[in-house]
Amino acid sequence: MQKAFTNLLLNWNQSGNLRTMPWKGERDPYRIWLSEVILQQTRVEQGLAYYNRFIEKYHTIRDLAMAPDEDVFKLWEGLGYYSRCRNLLATARFIAFERNGRFPDTFEEILSLKGIGPYTAAAIASFAYGLPHAVLDGNVFRVLSRYFGITTPVDQPEGKKLYTRLANELLDTDSPGTYNQAIMDFGATICKPRQPLCQVCVQRNDCEANKLGIAEQLPVKSKSLVRRTRFFYYYIFSYEGGFYIRQRSDSDIWHSLYEWALVETEEAMKGEKKDLMHAVRNAYGNRLKGNIISVSDQYSQQLTHQKINGCFIHMELDHPLPEQLGFRFITRKQLGNFAFPRFITRYLEKHPL
DNA sequence: AAGTCGGGGGC
DNA sequence: GCCCCAGACTT
């Protein structure tokens, strides 16, 4: 059989695939697109609730396109990779207003949209329009590298080319969407990253990695992760019952999210008020006057490439903050309208203002 | 071609 | 701790 892998995969999909998800079998390109963007580098269990909330609030792409940025970011809050949210809004508005709501229906046009790369374009093209483009996500790389015993690194251009060609050869062109869904379900439930279910796998007799007993060692990645440590000291400025927040805009983590006044240092500061006051006046001007009310415990958060350490300092100001610092003055009640990083919301959950 | 962008879960 | 997750974008 030329494509034994494909046949066994489709058989397994019909009889042994128990995975259900709300967007499975969906044909509305808006819903497919939304689910795929939410699921980029995100586990299905984590993205599911977000998808449901988005669909409930924004039934159509036009509804999403007309929404204020802040509302959409608030709905995305906590999901991470916030450029996805920015691109989601840009693409929604492009399709709704520049294309009169018509979602593009060719692979190349879909691929040209902001926030849509090779994976997402193939997913939308196959699920919504039945176009013959194989998806390549973490599941597919893993399944193919194990089945064929490929040790070419998946995170380099040579590997991408090799896997792309192979995946498209294996694709069932009669029903690309079903095939694409099946191979991802297979990777997620059988050919798992750790402790794959090789004993009950329908491909076990042909799988090279299973024959060699090296399934868990594939796929190969060439890059090793480098992490840096940063120290964030957040000053919760209050004045006459209100608070100052600012939107992040640098090419840095948490772009578009809001935060308190931040002082970042190279080294950890002890919680001494004298040092904290010196640091904040150094950062925001020596005319800044006020009292430090409280200093929180140390908090830390592990991101993929960074470890954030720091704490939260309540500071009652004697005067309003100068306009040019770019802060926004809000009341306690307005706080819930803005999206904050988890580093901040986790603090707020323990210490509501 | 390499670096960067979150947050959570499994082990 | 380390690795991974329905990847994409920037440099």
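Just so you know, these numbers come straight off a predicted model, no measurement behind them. So you know, we letter chains A, B, ... as the sequences are listed, proteins then strands, and number each from 1.
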Looking at Asp185(A) and Arg19(A), does any basic side-chain N land under 4.0 Å from a carboxylate oxygen? yes
So, are Glu208(A) and Lys211(A) salt-bridged, with charged N and O less than 4.0 Å apart? yes
Please give me every residue in [range] whose heavy atoms get under 4.0 Å of an atom in DNA chain B, ordered by residue number.
range                       : answer
residues 342-353 of chain A : Arg342(A)
residues 105-126 of chain A : none
residues 251-264 of chain A : Asp252(A), Ile253(A), Trp254(A)

List in chain and number order the residues that pass side chain to side chain donor-acceptor pair (under 3.5 Å) with Asp69(A), two or more places apart in sequence or in another chain; answer none if no residue qualifies. Arg93(A)
Using side chain to side chain donor-acceptor pair (under 3.5 Å) as the criterion, list what pairs up with Glu77(A), not counting sequence neighbours. Lys74(A)
Requiring both pairing distances under 3.5 angstrom, list the stems that contain DNA chain B and are made of three or more consecutive Watson-Crick or G-U pairs. B:1-5 with C:7-11, B:7-11 with C:1-5
Interface residues of [range] with DNA chain C (non-hydrogen, below 4.0 angstrom):
range                       : answer
residues 11-24 of chain A   : Arg19(A), Met21(A), Trp23(A)
residues 50-58 of chain A   : none
residues 128-144 of chain A : Asp137(A), Gly138(A), Asn139(A), Arg142(A)
residues 178-189 of chain A : Gln181(A), Met184(A), Asp185(A)

Quick one: the side chain of Gln46(A) and the base of dG8(B), do they pair up donor-acceptor inside 3.5 Å? no
Restricting both atoms to N or O, compile the protein contacts to nucleotides 1-3 of chain C shorter than 3.5 Å, with distance only.
residue	atom	partner	partner atom	Å
dC3(C)	O3'	Arg194(A)	NH2	2.9

Closest of dC4(C), dA8(C), dG7(B) to the Gln40(A) side chain is dA8(C)
Does a donor on one side chain and an acceptor on the other come within less than 3.5 Å for Ser83(A) and Arg86(A)? no
Taking any heavy-atom pair under 4.0 Å as a contact, classify [X]: base, sugar-phosphate, or nothing.
X         : result
Gly78(A)  : sugar-phosphate
Ser83(A)  : nothing
Val226(A) : nothing

Mind calculating the distance between CG (Asp155(A)) and C1' (dC5(C)) to the nearest angstrom? 15 Å
Inter- and intrachain pairs under salt bridge (charged side-chain N to carboxylate O under 4.0 Å, His left out), touching residues 324-335 of chain A, at least two apart: Glu70(A)-Arg328(A)
